[in-house]
There are 2 protein chains.
Amino acid sequence: MARAKGSGLPELRATGGGRVRMEDVAAVAGVSVATVSRAFGKPDSVSPELRRRVLESAERLGFRPSVLAGSLASARARIVGVVVPSLLTSFFGMTLEALAGRLGPAGYQMMVGHHEYDLEREEALVAASLDWSPAAIVVTGATHSRATLSALARAECPVVEMWEISERPIDAAVGFSNREAGRAVARHLIAGGRRRLAFVGGAMARDLRAAARGQGFVEAALEAGLPEPRVEVLEERSSTAGGIAAFARLMDADEPPEAIAFSNDFLALGALFEAQRRGVRIPEDVALAGYGDLEFAANSTPTLTTVRPPHRAIGTAVADHLLRRFEDPGAGGEIIDLGFELVARASG
Amino acid sequence: MARAKGSGLPELRATGGGRVRMEDVAAVAGVSVATVSRAFGKPDSVSPELRRRVLESAERLGFRPSVLAGSLASARARIVGVVVPSLLTSFFGMTLEALAGRLGPAGYQMMVGHHEYDLEREEALVAASLDWSPAAIVVTGATHSRATLSALARAECPVVEMWEISERPIDAAVGFSNREAGRAVARHLIAGGRRRLAFVGGAMARDLRAAARGQGFVEAALEAGLPEPRVEVLEERSSTAGGIAAFARLMDADEPPEAIAFSNDFLALGALFEAQRRGVRIPEDVALAGYGDLEFAANSTPTLTTVRPPHRAIGTAVADHLLRRFEDPGAGGEIIDLGFELVARASG
DNA sequence: ATGAAAGCGCTAACAT
DNA sequence: ATGTTAGCGCTTTCAT
């Protein structure tokens, strides 16, 4: 792969093999590589005339800076590693879209990984992300393995934990209190006159935020002087099938609950399906509440009472926080509580 | 940030500032950087003894190779750029999870971007991906802008188009025929004795695969000698709200259809909700069919007839195809038709 | 099997 | 404002 070296003649390079480098652009524009680099990186530090010439030459040659080389030289890659539990739910999808929506235009790419609520896999993903010297790393939740924690603490970039807020985050946290969300649902159901409550949680052993909601739910019931709610723990996460099974078990008990809260709207949807089959009236016979405020919750028959987490807002806030810190490396982490919203509808 | 240079003493480096480089590991292990590089990159080319020493020293120092530097030096980054329309539906989520599930263990990271079915945004995402010199790039669908097409054609890496198969893909294609899927639904409904058909499509102007299904649906109806199906095009994609509105419009018409196919299960779910409200019996009064075989389709009341696309299989097949080509750079693109499955249930 | 040395393509001091 | 010159931390010939 022959290539003209040194102060080349300002000719167009032959088509074909070999990538176009800054050196080539510099030669054609009649400037140094530093100027070309500046014209792209900090346009204001280059005179309008030269900037024009550089950009024009670059355009003519079809030059695209190698972000790999740029990252290595500047010791910072415009990558943000994002680690979420799953790519299947619209929850994290919303957050990712909001995140990418702000990060993309700012020139940052997302490197995404998912771990199915497995802390060991999270560990591997965090390590893999860190290997790229990312500009920042975003993880989900406030609970991590020892190794993840120390890797994150050692990281030379901003670290944000999202979807849950803890008192002492590693660096920054953006989310809301899942426990409070659980309490809010219980209080709402209790205010509706229900006394025998139940909670159905999907994969709470691994999904610690669902577990936190369940915990808050039970707490609030006890504080209100009600009998301890029955808690059904499902193996799977968020499936209508799980909701159907749990609903059936609960309603077939000697003393069926008067209200059931689910850790996910899909679970509640399953209960709606099963209630319809059984002729159980919602909310007359039993009140139902979900979590997530997925699109169908507002349109089901009956419409579903649920909790709306700040999915998009989390993504936007994380992005804004990071962009601010990229601009001002002096800025530190912060805790941003975005809250949640209880959406009372017909089901309970 | 002081750092010992030259042939250092084989001491442990001081804690704190500065990253551990191969040079440090080499010094401690008493070998050259080349050997350290080989010990990590091609372990078989290093004697067992030295390999052990290198790995041990690396471990002791907490050394992690800079993949940025490695990528630059070898001119290939272990990144796969993946561009999907959306991160909100489990369709692409499934594919992404399957893809990451195979690519991750092989040492490749996914760089994900979404474009909301906007070909211009796809163009930008493809360009941004290419800037990283990825090992491969995966895009969704077979239709792209001129610029995207030429950028992809010029790319020095495998390019795979997924979720649709075309006769002449840019390089490789993994998916199924959306048009055939539409035809299959129509044939199924017709076989059930329905003659007045309708199709409800979400955002078909942009979601070209949904449009292809609609086209196939209409074609099959005409071929069967039926009157041309009414086609309702919705602005939004896949919402129960849209399904409700379309169902209402269709059923309020002078001659309501005997069967309705939707471009998405959520649309059909909305119709189910609305039918329940109106007391319209499914499938007695009107048959309903969806697309996607989302989890709830098997559990709704009534259960939903739908088409199951090979979401996971697409991800796995794309990953396998790529991994094969990474091993054997001589291998070329291929067209992999994974088919789809019509799942007949109670709704139609 | 191992080492020496030359880059990979760019950024960032440091000069001018 | 622009150019010169070191690297960034690896991989990879090419020797030995």
Side-chain angles (χ1 to χ4, degrees), chain A residues 1-7 13 17-27 29-54 58 61-78 107 130-133 135 156, chain B residues 1 3 5-8 13 17-27 29-54 58 61 63-78 107 130-133 135 156:
Chain A
M1 192 184 337
R3 179 206 302 149
K5 289 223 56 156
S7 52
R13 57 198 318 289
R19 102 176 262 142
V20 184
R21 295 152 313 147
M22 276 196 175
E23 191 184 325
D24 304 316
V25 177
V31 299
S32 70
V33 290
T35 300
V36 177
S37 175
R38 290 185 189 108
F40 279 88
K42 13 178 83 87
D44 303 326
S45 67
V46 172
S47 71
E49 160 60 5
L50 281 195
R51 193 190 322 153
R52 204 190 46 63
R53 247 160 69 197
V54 168
L61 297 179
F63 169 74
R64 302 232 43 169
S66 159
V67 5
L68 236 32
S71 303
L72 179 61
S74 65
R76 64 198 200 93
R78 295 194 152 233
L130 254 18
D131 286 343
W132 284 93
S133 312
E156 294 166 328
Chain B
M1 194 185 329
R3 179 203 306 147
K5 289 223 58 158
S7 50
R13 56 199 319 287
R19 102 176 263 141
V20 184
R21 296 152 312 148
M22 275 196 175
E23 190 184 326
D24 305 315
V25 177
V31 299
S32 71
V33 291
T35 299
V36 178
S37 176
R38 291 186 188 108
F40 279 88
K42 14 178 84 85
D44 304 324
S45 69
V46 173
S47 70
E49 160 60 5
L50 282 194
R51 192 190 320 151
R52 206 191 44 65
R53 248 160 70 198
V54 168
L61 297 180
F63 168 74
R64 303 232 41 169
S66 159
V67 6
L68 234 33
S71 302
L72 179 61
S74 64
R76 62 197 200 97
R78 295 194 152 234
L130 254 18
D131 286 344
W132 284 93
S133 312
E156 293 165 330

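Values below: all heavy atoms of this structure, side chains included; hydrogens, waters and symmetry mates excluded. Note on naming: letters A, B, ... go to the chains in the order of the sequence lines (proteins, then strands), and numbering restarts at 1 for each one.
- With distances taken from any side-chain atom of B:Pro65 to the nucleotides D:dT2, C:dG3, D:dC10, the minimum falls on D:dC10.
- Note: CZ (B:Phe40) to P (D:dT12) measures 15 Å, nearest angstrom.
- B:Arg53 is linked by a side-chain contact (heavy atoms from CB on, under 4.5 Å) to B:Val31, B:Glu49, B:Leu50, counting only residues two or more places apart in sequence or in another chain.
- Rounded to the nearest 0.5 Å, atoms CH2 (B:Trp132) and CZ (A:Arg78) are 9.5 Å apart.
- For B:Leu72, the side-chain atoms get nearest to C:dC8 when compared with the rest of C:dC8, D:dT2, D:dC10.
- Taking both residues in full, the closest heavy atoms of A:Val20 and A:Val25 are given as CG1-CG2, 4.4 Å, listed atom of the first, atom of the second, then distance.
- As judged by a 4.0 angstrom heavy-atom cut-off over every strand, B:Val36 is placed among residues making no nucleic acid contact.
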Distances under 3.5 Å between nitrogen or oxygen atoms of protein and nucleotides 12-16 of chain C:
unit_1: C:dA13; atom_1: N6; unit_2: A:Arg38; atom_2: NH2; d: 3.3

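- Taking atom CZ of A:Arg78 as the reference point, atom P of C:dC10 lies 16 Å away to the nearest angstrom.
- Closest heavy-atom contact between A:Ser71 and A:Ala77: OG-CA, 3.6 Å.
- Look at CG on A:Asp131: it is 10 Å from P on D:dC10, rounded to the nearest Å.
- Rounded to whole Å, atom P of C:dG7 lies 18 Å from atom CZ of A:Arg19.
- Summarising the geometry of A:Asp131 relative to B:Arg64, their closest heavy-atom pair is OD2-NH2, 3.0 Å, with the distance given to 0.1 Å.
- Considering every non-hydrogen atom in both A:Val46 and A:Arg38, the closest pair reads CG2-CB, 3.5 Å.
- Atom OG1 in A:Thr35 sits 10.5 Å away from atom CE in A:Met22 (nearest 0.5 Å).
- Atom CE of A:Met22 is separated from atom P of D:dT5 by 18 Å (rounded to the nearest Å).
- OP1 or OP2 of C:dT2 has at least one side-chain nitrogen or oxygen of B:Ser47 nearer than 4.0 Å.
- One end of the helix from C:dA1-D:dT16 to C:dT16-D:dA1 points its axis 30° away from the other end's axis, with each axis taken from 5 pairs and the angle rounded to 10°.
- A:Val67 comes within 4.0 angstrom of no nucleic acid atom, judged by non-hydrogen atoms across all strands.
- Atom P of nucleotide D:dT2 and atom CG of A:Leu50 are separated by 4 Å, given to the nearest angstrom.
- A:Glu156 has its CD atom 10 Å from the P atom of D:dG9, to the nearest Å.
- The interatomic distance linking B:Arg21 (CZ) with D:dC8 (P) rounds to 7 Å, in whole Å.
- In this structure, A:Ala69 and B:Leu72 approach most closely via the heavy-atom pair CB-CD1, 3.8 Å.
- Between B:Ser32 and C:dG3 there is a side-chain N or O to OP1 or OP2 distance below 4.0 Å.
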